[in-house]
Amino acid sequence: MKKLTVYIAGCLLAAGVAGHAVEPVAFPEAAANYQAYPEGSAIGRPTPAPEGYRAFHIEHYGRHGSRWLIGEGRYQYPVDVLEMAGRAGALTPRGAEVLAELKTLRIKATGRDGELTQLGAEQHRGIARRMARNFPTVFAPGTCVDARSSAVIRCILSMLNEIEELASIYDDLVVHTDASAADMYYIANPEATASWKRVEAVKDSLEAFRNKYPIRGDFAKVLISDDRLIADSVDIKRFNDDLFDIAANSVSHGAQSDIATVFSRDEIHEQWLRTNAFWFWRSGNWPVTGGKAATNHVALLHNIVESADTALMSPRQSVNLRFGHESVLMPLVVLLEIDDYAKEYRRLEDLVTDEGGWRNYEVFPMAANVQLIFYRPYGREYTEDDILVKAMLNEREVGLPATPVEGMYYRWSDLRERYLLKNSD
């Protein structure tokens, strides 16, 4: 009966928030950018190329794979809170279990702040294997693979794992790798958001939205039996955010932690509403930011277009790989106008009511990636207008802002100028 009550409450919450029945987001989705990369049947097989066409070039941007939590101190505050409750005789049996698990995780995480996990390495090797399997005509003898990475070690290791896997399949590739500050302006520019994120209207709008979905704190009562102790001695926001992120990121180095079960369905859904709005603020098409959230990353889009132009002039096959972060990949998805991710939302509340709209978890799990696959005719002469392109987001074919020639295959000339006209001014 208790589970049924929670389910009904969750449905009522979702209906009231959205104005119509919207299924609350479950924990894996609410984990947002902490999700592990999809596996097995969750990854699609690409559709066959149009008749007479072969893939010859790939432009790619990928996020690093699963990592350890950033900030070893994130483990400390929840431990401090629960130890305090223990000293006060207010630690519940469930609280004691969570405390023991937190201490174990804290020990394992020591010295591994933000580092790539073994799962993260395996994710990139799997992506490389499928890339080679799905587009064998790209990886001919002598194919040039240029791979560049953010200077952050988890990104560099992600790149190396993907390259090593490709090289183990094709030993005759011409490979170049680099991780330089010279490329950071487009791969992972830390200043890309500086011009708009401090705008007061932006901060006020985000804060107003978050205030509509305040942190309930019900999870703390599962762990601590003294409500007065919670109210007087616990920073409930910090406790909530640290514990939620620990549970969400636990899948990066093992199975999903049972810590997730201390949060109710409503708390999980509301945490995602706040997180989804935060990532829209950082990446989406929102008039309050003047469109700068995405367009400040336009250097990456232009680098992709210009790199593709160079490849199209060569008779050889080639691959350009870039490895960075979700904070860049998501704006890229908006700039490429993949599916509906470039849609303008004038109010953050519209993110809640638009069922099937902006969903951060669809875009940027660990090892998330965008692949643009280029095709040209074979066995006949062709012009630039004959070049086709297909976009894949996390290895699933997605739509682009043009009329397709066939299925999800688009004329590159219909997209190229559109992308080059985008700017950050």
Side-chain angles (χ1 to χ4, degrees), residues 43-65 121-150 155-180 183 186-187 300 303-324 332 367 369-384 386-395 397 408-410 412 415-416:
I43 299 175
R45 282 267 192 168
T47 58
E51 187 174 354
Y53 276 82
R54 286 178 181 166
F56 73 99
H57 177 67
I58 298 174
E59 291 287 338
H60 157 281
Y61 187 92
R63 183 193 182 193
H64 58 76
E122 292 168 357
Q123 288 162 348
H124 281 283
R125 289 183 176 273
I127 292 167
R129 286 193 299 272
R130 290 185 295 273
M131 188 183 294
R133 178 199 70 193
N134 292 337
F135 310 110
T137 58
V138 175
F139 297 94
T143 292
C144 178
V145 179
D146 186 89
R148 298 174 186 252
S149 170
S150 160
C155 301
I156 296 172
L157 290 175
S158 294
M159 172 180 69
L160 293 179
N161 273 278
E162 200 154 316
I163 287 295
E164 285 179 1
E165 192 66 25
L166 286 173
S168 72
I169 301 169
Y170 298 99
D171 58 7
D172 47 9
L173 301 175
V174 178
V175 177
H176 172 263
T177 60
D178 200 4
S180 171
D183 293 321
Y186 68 88
I187 286 181
L300 172 60
N303 177 265
I304 288 172
V305 173
E306 291 159 8
S307 297
D309 284 349
T310 300
L312 269 53
M313 295 173 64
S314 172
R316 298 175 62 182
Q317 291 90 329
S318 54
V319 181
N320 291 325
L321 306 175
R322 304 164 186 82
F323 296 86
L332 176 63
N369 58 94
V370 170
Q371 299 177 31
L372 298 181
I373 319 299
F374 290 80
Y375 296 77
R376 61 189 171 197
Y378 63 91
R380 68 175 176 86
E381 292 188 0
Y382 60 90
T383 68
E384 290 182 3
D386 292 317
I387 301 296
L388 302 183
V389 65
K390 171 176 65 180
M392 301 182 74
L393 174 61
N394 302 327
E395 301 178 78
E397 294 177 0
M408 291 291 196
Y409 296 81
Y410 299 82
W412 177 238
L415 295 161
R416 180 183 179 279

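The chain is numbered in sequence order, starting from 1.
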Interatomic spacing from CD in Q123 to NE2 in H64 - rounded to 0.5 Å: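 Those atoms lie 10.5 Å apart.
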Straight-line distance of N369 CG to F323 CZ, nearest 0.5 Å: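 With rounding to 0.5 Å, CG (N369) is 9.0 Å from CZ (F323).
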Which residues share a salt bridge (Lys or Arg N to Asp or Glu O under 4.0 Å) with [X], sequence neighbours left out:
X    : answer
R376 : none
E122 : none
R54  : none
E384 : none

Quick test of your reading: applying salt bridge (Lys or Arg N to Asp or Glu O under 4.0 Å), list the pairs with at least one residue in residues 134-149, sequence neighbours left out, ordered by first then second residue.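 The answer is D146-R148, R148-D183.
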With sequence neighbours excluded, give me every salt bridge (Lys or Arg N to Asp or Glu O under 4.0 Å) pair touching residues 169-180.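 Of all non-adjacent pairs touching residues 169-180, none passes salt bridge (Lys or Arg N to Asp or Glu O under 4.0 Å).
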Among residues at least two apart in sequence or on other chains, which ones pass ring pair (Phe, Tyr, Trp, His ring centres under 6.0 Å) with Y410?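 Y410: no ring pair (Phe, Tyr, Trp, His ring centres under 6.0 Å) contacts found.
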I'd like to check the ring pair (Phe, Tyr, Trp, His ring centres under 6.0 Å) partners of F56; sequence neighbours left out, ordered by chain and number.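 Partners of F56 under the ring pair (Phe, Tyr, Trp, His ring centres under 6.0 Å) test: none.
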Give a yes or no answer on whether the side chain of [X] reaches the backbone of [Y] with a donor-acceptor pair at less than 3.5 Å.
X    : Y    : answer
H57  : L312 : no
S314 : T310 : no
H60  : R322 : yes

In chain order, what residues pass the side chain to side chain contact (heavy atoms under 4.5 Å, CB included) check against [X], with sequence neighbours excluded?
X    : result
P136 : Y170
A167 : none
R130 : Y37, I43, I127, R133, N134, E395
S168 : E165

Answer with yes or no whether the side chains of T47 and E397 bring together a donor and an acceptor at under 3.5 Å.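 Yes - a donor-acceptor pair under 3.5 Å links their side chains.
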Taking L300 as the fixed residue, which of I187, V305, L332 is the one that meets the side-chain contact (heavy atoms from CB on, under 4.5 Å) rule?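 In the set I187, V305, L332, the residue that makes a side-chain contact (heavy atoms from CB on, under 4.5 Å) with L300 is L332.
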Tell me, with the steps shown, if M131 and F139 meet side-chain contact (heavy atoms from CB on, under 4.5 Å). CA-CA 9 Å; M131 188 183 294; F139 297 94; 4.0 Å; yes
Which atom of L166 lies closest to which atom of A132, heavy atoms considered: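 Of all heavy-atom pairs spanning L166 and A132, the closest is CD2-CB, 4.2 Å.
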Looking at every heavy atom in both W412 and F374, which two are closest together, and how far apart are they?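 Residues W412 and F374, closest heavy atoms: CD2-CE2, 3.5 Å.
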